[in-house]
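Take a look at the structure set out below.
The shown structure was predicted, so the numbers you read here are calculated from the model rather than taken from an experiment.
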Amino acid sequence: MYQAIEAICRAGQIIPLEPVQFQEDEHLVIVRLPLAAAVSLRPASTAPAPATGDWQQFAGMLKDSPNWNGDPQAVQEAMRREWD
């Protein structure tokens with residue numbers, strides 16, 4: 001099984017963003033992302049990180065979204081017909 005490890009390059013060295021233990025002579029494959037893709041994957045540093053396990057802060061956030069209005073079955077059927 002493969003494991004993805006996000007890292008950045010600083011001063012020519014690859015630095016994992018999270019601590020990781022490598023085995024001696026372990027085979028690694030490095031996939032280099034284009035700069036634009038790498039920037040879009042980076043989380044916003046100004047956004048506060050939600051507390052772990054605190055799902056209640058998200059309750060009701062989508063209630064006013066226009067995407068959730070209407071008959072749920074009709075919305076689902078329209079999404080399915082989109083591929084026809």
Residue pair A7 / P16: nearest heavy atoms and the distance that separates them: CB-CA, 3.7 Å

Would you say V29 and Y2 make side-chain contact, with heavy atoms under 4.5 Å? no

Calculate, to the nearest 0.5 Å, the distance between atoms CD1 and CD1 belonging to I5 and I30 respectively. 10.0 Å

Taking atom CD1 as the centre, does I14 end up with more than 12 heavy-atom neighbours from other residues, nucleotides or ligands that are less than 6.0 angstrom away? no

Please check if atom CD in E26 has more than 12 non-hydrogen atoms from other residues, nucleotides or ligands closer than 6.0 Å. yes

